[in-house]
Amino acid sequence: MANGTLEPMPGVSVFTDDCLRTIIFSIIAYWGLLAVVLPVSNVDSHVYNLGRLAVAENAGFWQANAWNSPRQVIFPWTFDAAHYPFLKIGWGANLPSFLSLLGVLVIVFNLVSRCWGASVGFWSVLSLLAMPTIMIQATTTKNDLAVVFGAGCWLYSLVRFRTNQNRFFIFAAALSLAFMAGSKTYAIPLCAILTIVTAWVWRKEIRTLLLFAGFYLPCVLLFGSLETYVLSWQIYHRPLGPIDFVHDQRNRDGVRGLAANLVRYFLGNVSLGIDGNGNQSGLAKFLESKGRKILHYLHLKNVGYAFPHFFNDRTLDFAKKSDEYYSDYGLVGFAALLTSSIYIWRPRLRNICWIMVASGFAALALNSLIVGWMPWNSRFLCLSFVLFGVAMSAIVFGEMRRSFWWRQLFGVMIIWSAFSLPLLCADRRPIDLARAFYAREELIFDQRPETRQIYHDVIDLRKRENGRWFLIAGKNSYVLPFLSLEKKPWILAPRWALISKFSEQGGGDQSFVLVLNTAIPVGLPVEIVKQYPDNTYVLRIRRD
Amino acid sequence: MGMFEHREQSESPRRQFFTEALRLENFPFVVLTILAAISLTSRIWLMVH
């Protein structure tokens with residue numbers, strides 16, 4: 001008996017399960033608080049992701065005149081629409097993304113624990129909590145984590161159905177695929193691939209497959225965001241939007257673009273941790289120069305870019321500020337990428353770790369092939385890095401169970417990264433928790449501070465002057481904060497002819513026009529009340 | 001018959017549903033269903049109002 005109790009277990013570690021559980025709960029509590037209190041702060045949400053909800057609320061969905069950006073029309077909006085009640089409440093706008101992350105963590109823990117035990121499950125969860133881009137995306141209103149959550153739910157449904165033949169899991173598999181496809185354009189090919197995989201998995205269970213098809217079609221109709229494609233077809237005569245716009249966003253160089261983007265994503269995720277706003281370490285600059293050389297030697301110079309007239313190898317940007325746009329997956333992400341890059345060369349088709357690594361690279365390749373490279377594409381790689389992170393944890397803490405020092409080294413790195421992330425990142429610092437209360441407006445306009453003065457002036461004018469308010473906005477304008485001012489309705493009128501018509505009618509109340517980032521035509525019957533840089537004005541319509 | 005089994009049998013279907021939904025392993029499906037329901041309601045509201 002004594003021998004059995006004294007002999008050290010190979011899995012015994014410096015970090016006990018209770019210790020890991022406590023760390024995980026405290027880190028989740030911090031990020032959860034941020035998700036509840038932080039306002040909408042990113043440019044994309046103010047312009048189109050959530051801006052379009054305000055446009056649809058003001059002017060209706062089935063119209064062609066009030067949308068000020070093609071992105072409000074052509075991008076699927078299933079996940080964006082889930083933010084609508086939170087926008088009305090004014091708090092918790094980031095909760096849909098955060099709940100998606102929690103869902104992913106529970107799925108990871110459950111699936112990993114089944115294969116390697118609870119300890120490896122905890123390490124897998126912790127490795128995800130240590131990756132900057134994943135945590136930033138979990139506390140934002142963008143829709144990238146919805147794709148990971150959808151894919152995770154799909155896999156979890158299939159696994160749960162194998163052990164418990166409950167029909168609900170067939171429905172959940174269909175719903176998660178439809179929800180994923182309705183949340184993000186680049187998730188559509190992924191959804192198609194996973195649908196084929198589902199059909200393959202259930203190929204011998206015809207009844208299950210038929211039931212899946214029976215759930216899948218209505219789910220796609222209800223959650224696939226089909227209405228945005230119909231609207232896009234009505235306005236642009238193409239379901240995917242204006243041809244130039246779509247062409248600009250994608251990789252136009254086929255397999256060469258895929259190879260170049262893989263090089264860029266790999267080098268962009270070489271990381272020793274967060275650099276902060278100043279990029280002090282110089283690592284980003286070093287990687288950019290090496291990236292240019294490698295791409296030049298491989299004859300892949302300037303291929304694979306989105307908006308190639310704007311982005312090219314000269315403007316390559318691997319900044320590691322850990323904010324909503326310029327971020328990577330940190331030291332843990334880099335370790336996971338390295339581990340996966342080595343592990344992939346030992347193909348074992350029945351090994352779950354190898355399947356995870358291969359799926360991560362397949363998702364990375366799919367993304368590199370479809371989407372053109374832009375400096376802020378890191379968030380598109382969430383699925384790949386979740387798979388790499390979980391695979392790394394399973395390899396180090398599960399497969400290499402007997403190598404004590406490797407486990408401790410990786411353990412310290414993961415815990416250090418998870419704790420230091422909020423202190424080092426540009427957004428989501430502990431002070432931002434307090435700023436959400438005493439400097440909320442500053443956070444809202446954090447990424448475009450020049451709009452804050454306009455916002456203040458408009459609030460003042462709307463208080464002082466009675467009358468109609470028109471809004472004319474450019475394709476990259478912050479519309480959400482202005483349209484959220486509810487006391488007086490907005491008339492969204494992107495066509496100047498309508499302004500002239502109101503002027504001719506004369507009489508009645510005064511009319512004002514807020515013009516955001518749009519040039520005013522000559523000869524318009526208006527006087528300038530306020531003028532700001534970048535073609536932004538508050539105008540008063542003259543009464544003839 | 002153990003006490004737990006007896007309690008399970010006497011539970012109403014509604015109570016059983018909520019007990020099942022509150023289990024941590026079912027949390028992802030609860031989140032998925034809630035997000036999908038909020039999204040569908042909001043989209044219908046914004047399309048028809």
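Each chain gets a letter, A, B and so on, in the order its sequence line appears, and its residues count up from 1. For the numbers below, each heavy atom of this structure counts, side chains included, while hydrogens, waters and symmetry mates do not.
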Check your understanding: Closest approach of B:Leu32 and A:Ala172, non-hydrogen atoms and distance?
Key -> CD2-O, 4.0 Å
Check your understanding: When the aromatic ring centroids of B:Phe29 and A:Phe168 are compared, is their separation below 6.0 Å?
Key -> yes
Point to revise | Test item: A:Leu50 and A:Leu53 side chains (from C-beta on) under 4.5 Å apart, heavy atoms | key: yes
Check your understanding: Would you say the side chain of A:Leu126 lies within less than 4.5 Å of the side chain of A:Ile27, judging by non-hydrogen atoms?
Key -> yes
Practice item. Can you tell which part of A:Leu95 gets under 4.5 Å to a heavy atom of chain B, answering side chain, backbone, both or neither? Key: neither
Check your understanding: Which pairs, with at least one residue in residues 96-110 of chain A and sequence neighbours excluded, count as a salt bridge (charged side-chain N to carboxylate O under 4.0 Å, His left out)?
Key -> none
Review point. Tell me, side chain or backbone of A:Phe223 under 4.5 Å from chain B's heavy atoms, or both, or neither?
Key: both
**Study point:** Nearest heavy-atom neighbours spanning A:Cys191 and A:Leu177
**Key:** SG-O, 3.5 Å
Revision key, fill the gap. So, the part of A:Leu231 with a heavy atom under 4.5 Å from chain B: the answer is neither
Point to revise | Pairwise side-chain contact, A:Phe171 with A:Leu175, heavy-atom cut-off 4.5 Å (strictly under) | key: yes
Study note, to complete from the structure: With chain B, the option among A:Gly103, A:Ala146, A:Cys219 that has the most non-hydrogen atom pairs under 4.5 Å is A:Gly103
Practice item. Using a 4.5 Å cut-off on heavy atoms from C-beta on, say whether the side chain of A:Leu383 contacts that of A:Leu190. Key: yes
May I have a table of the donor-acceptor pairs connecting chain B and chain A at distances under 3.5 Å?
residue : atom : partner  : partner atom : Å
B:Glu25 : O    : A:Tyr156 : OH           : 2.7
B:Glu25 : O    : A:Arg160 : NH1          : 3.1
B:Asn26 : OD1  : A:Arg160 : NH1          : 3.1
B:Asn26 : OD1  : A:Arg160 : NH2          : 2.9
B:Ser39 : OG   : A:Thr78  : O            : 2.6
B:Ser42 : OG   : A:Ala81  : O            : 3.2
B:Arg43 : NE   : A:Glu227 : OE2          : 2.7
B:Arg43 : NH1  : A:Leu222 : O            : 2.8
B:Arg43 : NH2  : A:Leu222 : O            : 2.8
B:Arg43 : NH2  : A:Glu227 : OE1          : 3.3
B:Arg43 : NH2  : A:Glu227 : OE2          : 3.0
B:Trp45 : NE1  : A:Tyr84  : OH           : 3.3
B:His49 : NE2  : A:Glu57  : O            : 2.8

Review point. Tell me, side chain or backbone of A:Phe169 under 4.5 Å from chain B's heavy atoms, or both, or neither?
Key: side chain
